[in-house]
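Remarks on the structure that follows.
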Amino acid sequence: MINSVKDGQNARAGRPQLDGAMFDVVVLGAGVVGAATAYACASRGLSVALLDQRDGPALGASFANGAQLSYAYTDALGSLAIAKKLPALLLGADPLFKINMGFDPELALWGLKFLASCTDAQNRAGTLETLALALESRIALHSLLQSYPFDFGHRVAGKMHLYADPRALGAAAKMVDIKRAHGAVQHVLSAQEAISLEPALEQSKGLAGVVYSPEDEIGDPHLFAIGLIEVLKRKFDVSTFFSMEISGAKLGADEVQLSGAGGQSIVGKTLIVALGADAGAFLARLGVRAPILPMKGYSFTAPLGGNAPAISLTDTARKIVFCQLSGRMRIAGVAQLGSRDTDVDQALLARLIESARSSLQDAADYSQVDAGWAGLRPMTPSSTPIIARLRRRLIVNIGHGMLGWTLAMGSAERAAQLVMSNQTGEP
Ligand SMILES: Cc1cc2nc3c(=O)[nH]c(=O)nc-3n(C[C@H](O)[C@H](O)[C@H](O)COP(=O)(O)OP(=O)(O)OC[C@H]3O[C@@H](n4cnc5c(N)ncnc54)[C@H](O)[C@@H]3O)c2cc1C
């Protein structure tokens, strides 16, 4: 049964107890993707439980990411250019890129699929598929905020990708043309044009030009998840269960039963897995394979420097993002493919700080950097997420890689549409 919840009404009288409760949907994982999915389901009148092993929302990869809502820059990671660079990268040419070199069959299989995605045709297909989802996400976020405005440092900051190499800028310009034909708002600007829009770029050495995405936005993903969960509880009576690690699930014909590591059980008609980088291991326990590999990244936050950019900037050669978020500078980068821990390696953090300083020395006050943070991007080989019904009562919303914050709202809409077709018994 689908509860006929209207906005502002409670689905059920009182909050259900965990044991014995039956939900239309159980969303597993309360990162930005899971929280957005809970909203998309609840706003369709479904009774929803949202579960996470951590003691609050968005404490995994969603916590302190680069904060970019990168609606126009959806370029897939796999490309001929990166395939050519791989041997040098494996030999350590980029201090902020690493591949775990130990024996790891999962990494090897993923790597083969990734290499297969490095053709022009696959790169273009992945980029456009992600662009379509990003544009849906923008619409869905704006619609949410129109109904339920809340503060998470959200603004239309615009975004510039900086290129020092004219050939790389030329290649990016070709992709801009393709994406513009599919709805992306992006322009290629000369260095002078870019500096006139963002004077902080005067400190960028050897700038050849930029790709400018004026409609791209920013926001704090952790604050977003907290604010959204308030809406979910207040307006939709969504039940949230934190500090609950789910160790297994039984997929029955009519229901899904989840068991918590602490002995709890919870039952729903449909399970949506939104476990980020942990999705692959969890699904394997259900006999389902999903090619999700973690790619560890780092961020740090510091007071603004004397010449801080207001527009978000990505130094494409160094692969570092600079974002002015609520009066502070968030800087993110580093790609460690196959790393599964979230420890902050102090030497690597120091390298990221140094690299950011060499890129834009006055963007932040680098003498007052916070403790730093590391998170695991849930990568698919094609860079496109997997939003699919894999079993009758199992839907996955996983593999958002480098763009999970950008894509969360649109992915949630797609996952909720799959639930509705489940509920009405469509094949
Ligand atoms: C350094 C860095 C910078 C980034 N910058 C950007 C950016 O600027 N823009 C952008 O769009 N994206 C960015 N990303 C990517 C983005 O952060 C991720 O794609 C996104 O956060 C993934 O969200 P998620 O909800 O799928 O996963 P998560 O946020 O990781 O959520 C998964 C949740 O599942 C929970 N969980 C796991 N196992 C269990 C279990 N067994 N039982 C219960 N709960 C469980 C975890 O506790 C976690 O809360 C960045 C990522 C990194 C690391």
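Atoms within a ligand are numbered from 1 in the order they appear, just like the ligands themselves.
Ligand 1 places these atoms under 4.0 Å from at least one heavy atom of Trp405: 10 (C), 11 (O), 12 (N). Proximity to Ser62 (heavy-atom distance under 4.0 Å) selects the following atoms of ligand 1: 20 (C), 21 (O), 23 (O), 25 (O), 28 (P), 29 (O). Every atom of ligand 1 with a heavy atom of Leu403 under 4.0 Å away is listed here by number and element: 10 (C), 11 (O), 12 (N). Atoms of ligand 1 found under 4.0 Å from any heavy atom of Gly66 (numbered from 1 in listed order, with element): 3 (C), 4 (C), 5 (N), 6 (C), 7 (C), 8 (O). Here is the list of ligand 1 atoms found below 4.0 Å of a heavy atom in Pro378: 19 (O). For ligand 1, the atoms closer than 4.0 angstrom to any heavy atom of Glu245 are 41 (N), 42 (N). Applying the 4.0 Å criterion to heavy atoms of Met244 picks out, from ligand 1, the atoms 42 (N), 43 (C). Taking every non-hydrogen atom of Tyr298 and a distance limit under 4.0 Å, the qualifying atoms of ligand 1 come out as 1 (C).
One option in Gly276, Gly34, Ala281 has a heavy atom closer to atom 27 (O) of ligand 1 than any other, and that option is Gly276.
Residue Ala274 touches ligand 1 through its backbone alone, judged by heavy-atom distances below 4.0 Å. With a 4.0 Å heavy-atom cut-off, ligand 1 is reached by the backbone of Met402 but not by any atom from C-beta on. Using a 4.0 Å cut-off between heavy atoms, Asp278 contacts ligand 1 through its side chain alone, with no backbone atom that close. Contacts between Phe282 and ligand 1 below 4.0 angstrom, taking non-hydrogen atoms only, are absent altogether. Residue contacts with ligand 1, taken as heavy atom pairs separated by less than 4.0 Å, involve Ala67 solely via the backbone atoms N, CA, C and O.
In terms of protein heavy-atom proximity, atom 19 (O) of ligand 1 is closest to Gly401 O, 2.7 Å. Ranking the protein heavy atoms by distance from atom 53 (C) of ligand 1 puts Gly375 O, 3.4 Å first. For atom 24 (P) of ligand 1, the nearest protein heavy atom (residue, atom name, distance) is Val33 CG2, 3.8 Å. If you check which protein heavy atom lies closest to atom 17 (O) of ligand 1, you get Asn65 ND2, 2.9 Å.
Any N or O atom pair closer than 3.5 Å counts here, and Ala61 shares at least one such pair with ligand 1. For a threshold of 3.5 Å applied to N or O pairs, the pair formed by Asp52 and ligand 1 contains at least one separation below that value. Ligand 1 has a nitrogen or oxygen under 3.5 angstrom from a nitrogen or oxygen of Gly404. The shortest N/O to N/O separation between Gln53 and ligand 1 falls below 3.5 Å. Considering backbone and side-chain N/O atoms, Gly29 never comes within less than 3.5 Å of an N/O atom of ligand 1.
Distance check, rounded to the nearest 0.5 Å: CG of Leu50 to OG of Ser239 gives 9.5 Å.
Without hydrogens or angle criteria, Lys296 side chain to Asp343 main chain gives a donor-acceptor distance under 3.5 Å.
Note on ligand 1: Val321 sits outside its first shell, no heavy atom being nearer than 4.0 Å.
In this structure, a donor-acceptor pair under 3.5 Å is present between the side chains of Thr314 and Lys159. Residues His161 and Gln186 have side chains that never bring a donor and an acceptor to within less than 3.5 angstrom of each other.
Remark: Arg124 CZ is loosely packed, at most 12 non-hydrogen atoms of other residues, nucleotides or ligands lying under 6.0 Å away. Counting non-hydrogen atoms of neighbouring residues, nucleotides and ligands closer than 6.0 angstrom, the CZ atom of Arg155 exceeds 12 such neighbours.
Applying the side-chain contact (heavy atoms from CB on, under 4.5 Å) test between Leu228 and each of Leu223, Val238, Leu144 identifies Leu144 as the sole match.
Using a 30° and 60° split on the angle between ring planes, His154 and Phe152 fall in the parallel class, below 30°. Below 30°, between 30° and 60°, or above 60°: for Tyr148 and Phe236 the angle between ring planes is above 60°, a perpendicular geometry.
With salt bridges taken as basic N to acidic carboxylate O contacts below 4.0 Å, one links Arg357 and Glu354.
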